[in-house]
Amino acid sequence: MTTTELKEQYFKFFEDRGHSRLPSYPLIPENDPTALFTTAGMHPLIPYLMGENHPAGTRLVDVQKCIRTGDIDEVGDDTHLTLLEMLGNWSLGDYYKKEAIEWSFEFLTQELKISVEKIYITCFEGDQDVPRDEESAQIWQEKGILADHIFFLGKKDNFWGPVGQEGPCGPDTEIFYYVGQGEWNGSTCPGDDSGDFVEIWNNVFMGYQRKAGREPGQFEYLEMKQKNVDTGMGVERAVAVLDGYSDVYRIDSIWELVETVMNVLKVPEGDFEEFYQDHKKSLRILVDHLRAATFILGDERGVTPSNLDQGYILRRLIRRAVRHAKKLEIPQDVCISSYLGKATIDLMSGSYPELERNRKFIIDELFKEEEKFEKTLERGLKEFEKLERVTGQDAFMLFSTYGFPLELTEELSEDKGLKIDKLAFAEEFKKHQDLSRKGGEKRFKGGLGDDSEMSKKYHTATHLLHQALKEVLGDHVEQKGSNITAERLRFDFSHPEKLTDEEKQKVEELVNQKISEALPITIEELTVDEAKASGAIGLFSDRYGDKVKVYSMGEYSKEICGGPHVKNTKDLGKFKIKKEKASSSGVRRIKAILE
Ligand code: ATP
Ligand code: MG
């Protein structure tokens with residue numbers, strides 16, 4: 001069976017049952033700065049799962065391209081890919097457990113003709129938050145699933161979500177396919193690490209909403225008025241088991257990539273099987289990572305390899321792949337990245353036309369990144385060879401000078417049986433990872449993704465700027481947005497027209513005056529009402545929770561904020577406005593630096 005056949009069958013089945021088909025959303029979430037990539041079919045649908053009306057109705061079906069960075073370490077095993085296609089059917093407050101389970105059962109046994117003997121099920125065993133899901137188990141049994149094929153597991157296995165700390169979540173029921181040797185003897189169970197079962201489909205019954213409780217780390221589970229169904233079927237896994245494999249690399253559209261590599265290596269066709277068995281791990285990582293990289297590059301957002309956010313994931317995928325290409329002894333003159341990029345586009349652009357549209361961009365970027373890495377890889381490896389143990393600084397040096405991502409150094413160390421100072425290693429890298437993550441977090445928290453000394457300074461300077469703008473331009477000035485990096489601050493505020501040079505100069509002078517006054521910065525925790533009464537400015541929205549932090553810069557500025565800040569304004573240096581321009585209608589944007 002091909003992936004296209006499975007997808008078409010799935011769409012037809014659910015369209016016949018009143019579902020509207022949606023297109024695949026981008027890999028890079030549009031409006032969710034908390035996540036670098038779309039990780040599941042439900043991810044782009046969160047607003048609708050939260051109750052917003054979907055224009056296409058209450059029954060939806062689609063296939064979503066997903067990237068799971070959390071699974072990168074698993075890649076090399078039989079079932080985890082970095083890029084996967086996920087089929088899903090949804091009920092937005094429409095049908096619930098009964099229909100969902102019955103249709104899953106019918107699709108598997110009647111459409112795909114899987115024998116019930118092969119199907120195993122897990123359900124949620126219940127805990128203090130949410131009761132045991134007997135109902136689902138019973139529906140499965142009524143349809144014909146054997147009683148001893150149904151297992152109850154805890155929250156770790158059979159409860160889904162929420163995506164962040166809060167949000168929709170609920171018990172799920174997972175469908176496994178038995179791939180073990182001979183008949184099942186009862187000693188293994190779905191979800192264990194025996195390898196006897198492959199999870200192919202998950203039905204989530206999103207009937208709860210998790211909310212932060214009064215104590216930190218404590219949560220409440222509230223039953224939702226609108227109960228939803230969210231399902232996810234891994235296309236690659238489903239096709240693999242239907243073809244009789246537990247190995248996802250055996251499906252047509254991935255095996256061709258494995259063959260592409262073996263052809264480059266001039267492995268005789270008769271030896272493919274043996275070669276694959278002997279070099280499984282490197283072949284799988286090489287193919288998986290470049291397949292994922294091709295999709296990231298092909299997404300309309302146009303991400304390129306870098307040391308930040310999605311670009312950093314992309315860089316790591318390509319570099320790790322290139323390293324495994326070396327292990328496989330791919331000849332120096334072959335650019336394996338663009339080779340596999342082309343092959344991936346040829347195989348997948350039928351379903352994902354954006355790959356074809358961006359063909360040149362994808363191939364060029366793969367080529368450039370591989371070339372860039374090639375230049376330093378050999379020298380870096382030489383440097384690595386000299387090491388007898390790998391300190392945090394060594395690992396950091398390999399990263400910053402030779403562009404070795406963390407896992408590459410880790411893998412090299414493992415191969416050589418070298419001891420690594422993991423703790424120091426992690427610390428050095430954390431600095432970089434914080435940097436690479438901060439973009440995403442900052443967008444969300446309004447400037448607080450990173451708490452380096454420099455960003456603290458910019459944050460404090462933002463308060464002074466805010467107050468100075470109010471004084472110079474008038475009380476109508478309100479913060480509309482803020483974004484801080486270690487290099488500059490950016491502040492958006494309401495004001496109808498361009499600032500004159502004189503106004504800009506006044507603002508600058510005022511801020512610098514307050515810096516030179518060496519105002520101490522103090523913090524109080526107040527309720528929202530107390531904060532308002534105290535005259536604090538800032539965004540008084542509910543999202544701050546019951547208590548808010550109010551920062552004061554001497555007597556000059558008092559503002560609600562999450563922090564962190566420096567202790568005294570004298571630490572800030574010289575404040576300078578670099579740019580002032582329109583951000584949107586009625587909103588101006590200032591970029592400023594500290595010198
Ligand atoms: P596992 O425990 O095997 O990692 P999961 O619990 O993370 O799976 P879900 O989040 O429920 O999986 O995702 C829905 C479906 O997507 C799974 O049933 C599976 O078929 C598929 N899937 C999940 N992760 C991967 C992956 N890394 N590669 C391929 N398919 C996957
Ligand atoms: Mg998983």
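As the structure is a prediction and not an experimental result, all values here were calculated from the model. Atoms within each ligand, like the ligands themselves, are counted from 1 in listed order.
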Review point. Is it the case that His324 and Glu411 place a side-chain donor and acceptor less than 3.5 Å from each other?
Key: yes
Out of His80, Glu199, Glu85, Glu74, the nearest non-hydrogen contact to atom 17 (C) of ligand 1 is supplied by Glu199
In ligand 1, the atoms that come under 4.0 Å of a heavy atom of Asn202 are 11 (O)
Compute the shortest N/O to N/O distance between Met233 and ligand 1 and return yes if it is under 3.5 Å, no if not. no
Exercise. Parallel under 30°, tilted from 30 to 60°, perpendicular over 60°: which one fits the rings of Phe275 and His279?
Worked result: parallel
For Glu223, the salt bridge (charged side-chain N to carboxylate O under 4.0 Å, His left out) test, sequence neighbours excluded, returns Lys227
Under 4.0 Å between heavy atoms, the region of Thr79 that gets near ligand 1 turns out to be backbone
Nearest heavy-atom contact between Val75 and Ile285 is O-CG1, 3.9 Å
Applying side-chain contact (heavy atoms from CB on, under 4.5 Å) to Glu135 and not counting sequence neighbours gives Lys97, Asp133, Ile139
Salt-bridge criterion met for Arg315 and Glu369 (N-O under 4.0 Å):
yes
> Is Asp71 close to ligand 1, meaning an N/O of one under 3.5 Å from an N/O of the other?
Replying inline: yes
In ligand 1, the atoms that come under 4.0 Å of a heavy atom of Met86 are 13 (O), 14 (C), 16 (O)
For Trp201, the ligand 1 atoms with a heavy-atom partner under 4.0 Å come out as 18 (O)
> So is there a nitrogen or oxygen of Trp160 less than 3.5 Å from a nitrogen or oxygen in ligand 1?
Replying inline: no
- Task: Take Leu283 and Tyr276 through the test side-chain contact (heavy atoms from CB on, under 4.5 Å) and record every step on the way to the result.
- Result: CA-CA 7 Å; Leu283 279 170; Tyr276 179 64; 3.8 Å; yes
Does even one non-hydrogen atom of Arg68 get within less than 4.0 Å of ligand 1? yes
Ligand 1 to Leu81 polar contact by distance, N or O atoms, under 3.5 Å | yes
